[in-house]
Amino acid sequence: MSSEMRMTERETAIRRRLEGANVVPLAMSLAQLSGDLSLLERIAPHVRGAWEHLENVPAELAAEVRDRVAALLAGEDGAAKPVLPEPDRQTLRNMMTAAVGEPVDDSYVPMLIDHMFPKQIEPTRIAAVPAGACVRRVAIVGAGASGICAGITLGQMAIDYVVYEKNDDVGGTWYENRYPGCAVDTPNHFYQFSFEPNNEWPHYFSQQKSIQEYLSRCADKYEVRPHVRFGVEVTGAQWDDDRAVWTVTARDRQGRETSEEYDALICAVGQLNRPKIPRIAGLSSFGGTVLHTAAWPDAADLRGKRVALVGTGASAVQVGPAIADEVAKLYVLQRSGSWVARRPNIDKSVSDDKKWVLNHVPFYAPWYRFQLFWAFGDGLFEALKIDPSWPGGSESINANNAKLREVMLRHIHRELEGRPDLIDKVIPTYPPFGKRVLGDAGWYQMLRRENVELTSTAIEGIEPQGIRLASGEFLEVDAIVFATGFEATRMLWPMDIRGRSGKSIRDVWGEDDARAYLGITVPDFPNMFLLFGPNTNLGHGGSAIFLAECQMRYTTDVIAAMNAQGIRVAEVKPEVHDAYNADIDQRLKRLSWSHQSVDTWYKNAAGRIVTNQPWKLIEYWQLTRKARLDDYYLRQSGGKAR
């Protein structure tokens with residue numbers, strides 16, 4: 001067989017694989033491989049923008065892109081020597097703009113290089129901390145995604161650390177949440193560590209087990225697991241200002257307590273770790289099974305039972321469709337409808353061809369991730385801003401928001417065609433993004449089932465045999481499933497953490513008014529850093545893992561400076577903390593969650609938004625990129641204040 005024939009066969013096989021590629025990131029790959037930047041102008045008009053991140057590229061142009069990439073990859077040297085391996089700043093900006101179909105600011109270029117094209121890190125750590133380092137041993141509370149990120153990062157710095165984890169394995173919320181249908185609502189190829197990209201996700205929005213396995217692999221690869229004390233829960237921590245150490249007290253399942261000292265404390269418990277069950281009269285009298293989606297026992301069996309599903313939030317829209325075909329009756333009890341929107345690929349597997357492209361086409365994976373970053377993050381941010389002059393009432397808050405509302409309404413009407421009774425109930429009474437927009441993985445089709453009944457009537461109380469509604473109607477059920485979220489505003493609860501003055505964090509925050517500078521650090525609590533802390537939740541989209549990396553980059557920047565300069569104590573200045581919080585409070589008042597029609601778990605009892613941040617992802621990345629030591633009171637190891 002001739003060499004030409006062999007090349008033709010190879011090219012044909014590659015071309016067949018490329019049918020699994022999204023053509024826009026493939027065109028960005030081709031631009032870098034070939035240097036042909038005219039592709040940008042040809043592709044850009046056919047990209048729809050943020051909400052659906054879909055492309056409508058003409059078939060002829062799509063075929064040309066695939067043919068040219070196949071030819072380059074089939075050549076002996078073509079793909080190995082890209083013409084533009086590292087495009088200049090302006091070229092990268094032009095490519096980003098073309099990739100998402102709308103203008104992208106120049107500020108995104110360094111973020112793209114840092115996060116989408118990151119340098120992989122070695123699993124092994126460096127030899128030793130610098131001579132004279134003051135932070136040598138750190139306690140991490142929680143072995144979820146943030147805690148694993150913290151361990152990996154400290155390991156790279158050769159800083160000794162201990163991770164306290166109340167569960168039996170790593171994963172945090174992805175270990176605890178095992179309800180049927182549990183999955184991520186952010187595309188997995190963005191919901192991953194930038195330094196550990198996974199091109200083998202089985203689904204575009206993967207199930208709990210796959211994410212737990214990914215986090216477990218990361219903990220093993222980067223040698224975090226040996227540092228974790230499983231089945232051990234931190235009950236409190238006390239700062240000793242004279243000795244500049246944290247004493248961390250923990251208890252295992254046998255009730256044995258330990259107390260150990262550390263130079264710094266990282267609380268990586270986040271906001272979503274304590275299930276919230278509403279106070280309903282008579283709940284303790286119920287004779288059937290009571291479940292919460294965040295504490296789902298492996299042995300739970302709802303087959304053939306009459307089930308009440310309380311709530312219509314993120315976990316409800318997943319668990320409902322997952323159990324509807326096996327229960328005898330499913331009553332869905334909602335306070336109000338949620339925006340449940342069509343999301344491309346939400347229930348689809350990743351094809352073998354797509355995995356091949358992610359693994360073998362240079363530059364494709366990072367461009368694909370950037371499209372997802374934009375589509376499920378910053379590309380949506382304009383829709384969150386309240387326009388005071390907009391006459392949208394409780395329906396919309398600006399022109400962009402109104403446009404997205406129409407898209408969502410069309411989806412609802414398509415899914416529930418012929419069921420006006422359901423349409424009237426499910427359409428929310430607040431604007432899109434007043435609460436997180438949920439992905440439709442069969443929610444509306446579930447509501448059409450004969451064995452499913454949706455009610456918006458309030459619960460009056462619970463009786464031994466079922467639920468009494470405010471209308472007087474009685475629902476006889478065998479099981480109640482609470483899909484009612486977490487004690488999100490009670491951050492760090494129930495730990496008793498006491499700072500320099502001896503006050504507990506509860507004394508400072510109260511029960512539900514947590515505040516921190518950048519969501520990371522709190523005055524009076526030196527050398528303490530929070531991950532997924534106050535006002536860092538993403539209420540519209542984005543990736544919590546992206547934020548964890550931002551927060552750990554900032555934390556380790558502080559720690560590295562302390563070790564380099566012989567600084568024993570770093571405590572954020574109250575005026576810096578207070579000014580930041582005053583600023584974000586004002587910013588949050590101008591965003592969708594503060595709209596008068598919105599009642600959400602993002603707010604505390606006084607109405608202040610405690611959980612969410614007012615920043616675009618790029619803005620938070622910039623804020624946490626480099627720590628400013630001027631923001632801190634610093635004390636050197638010899639005790640001299642400066």
Side-chain angles (χ1 to χ4, degrees), residues 126 128-141 150 153-162 164 234 236-249 259-268 492 495-509 514-531 533-534 550-581 623-642:
I126 59 177
V129 294
C134 297
V135 180
R136 293 177 171 272
R137 193 166 189 253
V138 178
I140 302 171
V141 187
T153 311
L154 292 176
Q156 294 294 307
M157 300 172 70
I159 292 176
D160 188 27
Y161 64 92
V162 172
Y164 294 89
V234 170
Q238 174 73 59
W239 174 255
D240 184 328
D241 201 46
D242 291 333
R243 299 174 55 241
V245 294
W246 279 101
T247 299
V248 175
T249 303
S259 293
E260 294 187 44
E261 294 181 349
Y262 300 90
D263 302 311
L265 172 64
I266 296 176
C267 294
L492 301 187
M495 293 185 291
D496 180 21
I497 300 178
R498 296 182 177 271
R500 176 176 46 77
S501 68
K503 291 182 179 179
S504 76
I505 199 72
R506 297 266 75 82
D507 294 331
V508 176
W509 286 349
R515 298 174 185 265
Y517 176 54
L518 301 175
I520 298 174
T521 185
V522 183
D524 198 46
F525 292 82
N527 296 15
M528 183 177 84
F529 306 92
L530 312 179
L531 305 183
C550 289
Q551 291 154 6
M552 271 311 298
R553 180 180 58 234
Y554 180 90
T555 297
T556 52
D557 198 45
V558 174
I559 292 174
M562 292 173 69
N563 282 345
Q565 300 179 37
I567 297 168
R568 186 68 173 143
V569 178
E571 178 184 342
V572 68
K573 296 175 180 177
E575 60 269 26
V576 172
H577 169 275
D578 295 349
Y580 174 82
N581 279 275
L623 286 167
T624 55
R625 190 179 185 190
K626 183 73 176 174
R628 297 182 304 185
L629 292 188
D630 288 346
D631 291 340
Y632 289 82
Y633 290 125
L634 305 172
R635 195 169 77 221
Q636 291 180 309
S637 55
K640 179 182 178 182
R642 61 171 186 159

Atom pair [atom1] ([X]) and [atom2] ([Y]), whose distance is rounded to the nearest 0.5 Å:
| X | Y | atom1 | atom2 | result |
| --- | --- | --- | --- | --- |
| Q551 | T624 | CD | OG1 | 7.5 Å |
| T556 | Q156 | OG1 | CD | 10.5 Å |
| K573 | Y633 | NZ | OH | 6.0 Å |
| I520 | I266 | CD1 | CD1 | 10.5 Å |
| E571 | D631 | CD | CG | 13.0 Å |
| T247 | E261 | OG1 | CD | 4.5 Å |

Note to self: Before you tell me yes or no, could you show the steps for N527 and V569 under side chain to side chain contact (heavy atoms under 4.5 Å, CB included), namely the whole-Å CA-CA distance, both residues' side-chain angles and the distance that decides it to 0.1 Å?
What the structure shows: CA-CA 6 Å; N527 296 15; V569 178; 4.2 Å; yes
Checklist line | Residue pair L265, W239: steps toward the side chain to side chain contact (heavy atoms under 4.5 Å, CB included) verdict | finding: CA-CA 10 Å; L265 172 64; W239 174 255; over 6 Å; no
Side-chain contact, heavy-atom cut-off 4.5 Å: [X] with [Y]?
| X | Y | result |
| --- | --- | --- |
| D507 | R498 | yes |
| S259 | V248 | no |
| T521 | Y632 | yes |
| I140 | L154 | yes |
| I497 | C267 | yes |

Using every non-hydrogen atom in the two residues, find where [X] and [Y] come nearest and quote the distance to one decimal.
| X | Y | value |
| --- | --- | --- |
| P574 | P523 | CA-CG, 3.8 Å |
| V522 | H577 | CA-CD2, 4.5 Å |
| G502 | Q238 | CA-NE2, 4.5 Å |
| F529 | A264 | CE1-CB, 4.5 Å |
| Y164 | A139 | CE1-CB, 4.1 Å |
| P526 | W246 | O-NE1, 2.8 Å |

Side chain [X], main chain [Y], donor-acceptor under 3.5 Å:
| X | Y | value |
| --- | --- | --- |
| D241 | R500 | no |
| D524 | S501 | yes |
| R506 | D496 | no |

Check: Do R568 and D263 meet the salt-bridge criterion of a basic N to acidic O distance under 4.0 Å?
Finding: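 Here D263 pairs with R568 in a salt bridge, since their nearest N and O are under 4.0 Å apart.
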Next item on the list: Taking atom NZ of K503 as the centre, report whether more than 12 heavy atoms of other residues, nucleotides or ligands fall under 6.0 Å from it.
Entry: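 For K503, atom NZ is not crowded (no more than 12 foreign heavy atoms under 6.0 Å).
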Next item on the list: Dump the intermediate steps for side chain to side chain contact (heavy atoms under 4.5 Å, CB included) on L492 and L530, then the final yes or no.
Entry: CA-CA 9 Å; L492 301 187; L530 312 179; 4.1 Å; yes
Notebook entry, point to check: Are N563 and I159 close enough, and set up right, to give a side chain to side chain contact (heavy atoms under 4.5 Å, CB included), and what steps lead you there?
Noted result: CA-CA 10 Å; N563 282 345; I159 292 176; 3.9 Å; yes
